[in-house]
Amino acid sequence: MRITTKLTEKTQEAISELYDISEFDISFEQTNPKFEGDLTLVVFPFLKYSKKRPEDTAEEIGNFLTKQVHEIKSFNIVKGFLNIQFSDEYWLNELKDHVNLGIQIPKIGDNNKIVVEYSSPNTNKPLHLGHIRNNVLGYSICQIFDAVGFDVVKNNLVNDRGIHICKSMVAYQKWGNNETPESSGLKGDHLIGKYYVKFDKNYQKEIQELIAKGIDKEEAKEKSSLMIETRNMLQKWEQGDTNTVALWKQMNGWVYEGFDHTYKRLGVSFDKIYYESDTYLLGKEIVQEGLKSEVFFKKEDGSIWIDLTPEGLDEKIVQRSDGTSVYITQDIGTADLKYNEFKMDKFVYVVGNEQDYHFKVLQLILKRLGKSYADGLYHLSYGMVDLPEGKMKSREGTVVDADELMDEVVATAKKQTEELGKTDGMSSQELSDLYEVLGIGAIKYYLLKVDAKKRMMYDPKESIDFQGNTAPFIQYTYTRIASLLRATEQVNFEVPAILNPIEKELVKLISNYPNVILSAANNYNPSEVANAVYEIAKSFNKFYHELSILGEQDHNTRCFRISLSNSVGHTIKHGFNLLGIQVPNRM
RNA sequence: GGUUCCAUAGCUCAACCGGAUAGAGCAACGGUUUUCUAAACCGUAGGUUCCAGGUUCGAGUCCUGGUGGGAUCACCA
């Protein structure tokens, strides 16, 4: 809203002329709906200088602004609040701009490059609800950055090697009987997950047996024959043993087939995929450089550390005494790899908040190493997803499987749609597409409407309820509009005499929508977009219920309402696109 | 134990860098359809914003202390 800038400037003039204040932080806010007005200026901060009552101060500023800004129709004062009201003409011009120019988003990104790493799965088990939150958040924030003019690289770093992968491999070798996705009918990632679970069960059993023999727990973990086999497997893998690598490739291949299916259904994608098997050795040279420049230091046993106590953290190891690297070493190396490849201005990690400490450390190390890009690092730290029974624990089998969840909620969409019986004449293909759009949309919206930073509760019952603040509610609003527009032609409108309050509210919401996108980008927070779209949908339903659109007799008013509906539809679709959610034309 | 994040209606969440009488959805209760899709709309009820202090013209929001909960602090990833 350009008007805000204009008002801010004029207010600056007003207070400098009236009270001789030169520099002052002036901010207008949206008028609380309980009061009359569009924008509000709080005048309390000026009282020191005006030395007048709040009401009189507001009066003076209000008069000044009304004279200078012709868009202002009137103002009212409640205590220290100056509520400014614009003319209907002003709002109608806002809508006209929207109709003629589309959604005007300030391109604050200025084509700067931003690499967003998200998803980053392990290839030893299928995706679960927590991963869905990650994927959906990552994808959405990419869409939002793209919308505000960044050059976005969607990046996935696949964790495809390591001890946990070897566990599935050992179990498969022992008990797999050459089972394949085809022979078992299992999706590849689920097949591998089955052997990961099998490993853990037998491993736990073995430990119990050893403990029963009087060996203590720590030692039992060391002596477990399964674990010894697994460690040998990892060693063989690192040495490039042909059979081991072949098995690894085969099993990972199955997992990727499974993941591809899940990603596709979720509607997420990547521009650049790194595999940890290619990157896990990176960072070692940087450790050596850092040692030379005395950013790192070596202990007697040969292990290499960095002292972060000046920053209030601990000493952190960056290389083991046996010369192998640890997790953070890889991350240092991968950050460098990314920078060399993309020369990005910002790089974002969409990773759960249990790794807050890790990313704090990573950024500090990069800074200490003098890496120019270190300041561009941002950890988009999101909260865990809890279930009504408590935390999700893969070991206790309380995780919500991504594929099962999608099946369930799509089935619910089907059932609901059939019960309502409004889809006569749609082909079976159209119908199954619709159920996907509704079901997957419902899951995504459920996860995205909550502030990303916050831990959230996933209630299965609530997630398949399509009433209220849900994707299907908003999608339904969209189909109402689509249906209206099918029944009429493109129209132009002139200014109707009086703007109805609900009409004005809708125009305001649409006009403010670009600000919402900016704010969502600045705060790395898609939920702001979700909530704004919800507000718009809610208001539209009220409008739709209260006022006649196609049936309106006055030609100009009818055309205006059609245009308004059209703009609402565009905005909903645009917002949902930023969330990675589709909209149907009928439901 | 050190560090860190969180606590808002019965439940799940909002509240735009400190602004007005803290808002939605679900659940409960009551109403709305011969009229553009009722997956909708309207109304009623529901609050000491965990507690105690402090800063301020003004605090759910900032500071201090407490209570309760999560995460993290490995030569794990």
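Per chain, numbering begins at 1; letters A, B, ... match sequence-line order. Owing to the predicted nature of the structure, the values given are computational and were not obtained by experimental measurement.
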Using a cut-off of less than 4.0 Å, is there contact between a side-chain N or O of [X] and OP1 or OP2 of [N]?
X        : N     : answer
A:Ser483 : B:C36 : no
A:Arg480 : B:A38 : yes
A:Arg320 : B:A77 : yes
A:Lys316 : B:A74 : no

- Task: First locate atom CD1 of A:Ile502, then atom NE2 of A:His545, and finally report the distance between them rounded to the nearest 0.5 Å.
- Result: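 That separation rounds to 12.0 Å.
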[X] near the nucleic acid: base, sugar-phosphate alone, or nothing, with a heavy-atom cut-off under 4.0 Å?
X        : answer
A:Pro45  : base
A:Lys454 : sugar-phosphate
A:Ser527 : nothing
A:Lys538 : sugar-phosphate
A:Asp331 : nothing
A:Asp356 : nothing
A:Asp386 : nothing
A:Val450 : sugar-phosphate

- Query: For B:C57, is chi within 90° of 0 (syn) or not (anti)?
  - Reply: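 Here B:C57 takes the anti form, which means its glycosidic angle is more than 90° from 0.
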- Could you check A:Asn523 against A:Tyr544 and say which one's nearest nucleotide on RNA chain B is further toward the 5' end?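 Residue closer to the 5' terminus by nearest nucleotide: A:Asn523.
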- Map A:Gly312 and A:Asn122 onto RNA chain B by nearest heavy atom, then report which one ends up closer to the 5' terminus.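 First, find each residue's nearest nucleotide; the 5'-ward one identifies A:Gly312.
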- Query: Does a donor on one side chain sit under 3.5 Å from an acceptor on the other, for A:Asn353 and A:His379?
  - Reply: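 There is no such pair between these side chains.
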- Task: Under a 3.5 Å limit for both distances, which nucleotide forms a Watson-Crick or G-U wobble pair with B:U44, could you say?
- Result: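 Base partner found: B:A28.
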- Message: Does the structure show a Watson-Crick or G-U wobble partner for B:G1, both distances under 3.5 Å? Name it, or say none.
- Response: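 Across all strands, the one nucleotide that pairs with B:G1 is B:C73.
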- Can A:Tyr534 be called stacked on B:A24 when the rule is centres closer than 5.5 Å and an angle between planes below 30°?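 One would not call A:Tyr534 stacked on the B:A24 base.
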- Query: Is there ring stacking between A:Phe44 and B:G58, where the centres must be under 5.5 angstrom apart and the planes under 30 degrees?
  - Reply: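 Answer is no, no stack.
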Using atom [atom1] of each nucleotide, how far apart are [N] and [M] to the nearest Å?
N     : M     : atom1 : answer
B:G54 : B:C42 : C1'   : 45 Å
B:A45 : B:A9  : C1'   : 11 Å
B:U12 : B:C57 : P     : 38 Å

- Query: Are the side chain of A:Arg161 and the backbone N or O of A:Glu276 linked by a donor-acceptor pair below 3.5 Å?
  - Reply: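 No: the side chain of A:Arg161 does not pair with the backbone of A:Glu276.
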- Short side-chain to backbone donor-acceptor contact, A:Asn252 and A:Asp160, under 3.5 Å: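 Yes; judged by distance alone, with no hydrogens or angles, the pair exists.
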- Query: In terms of the angle between their ring planes, are A:Trp237 and A:Tyr280 parallel, tilted or perpendicular, with boundaries placed at 30° and 60°?
  - Reply: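 Ring orientation of A:Trp237 relative to A:Tyr280: tilted.
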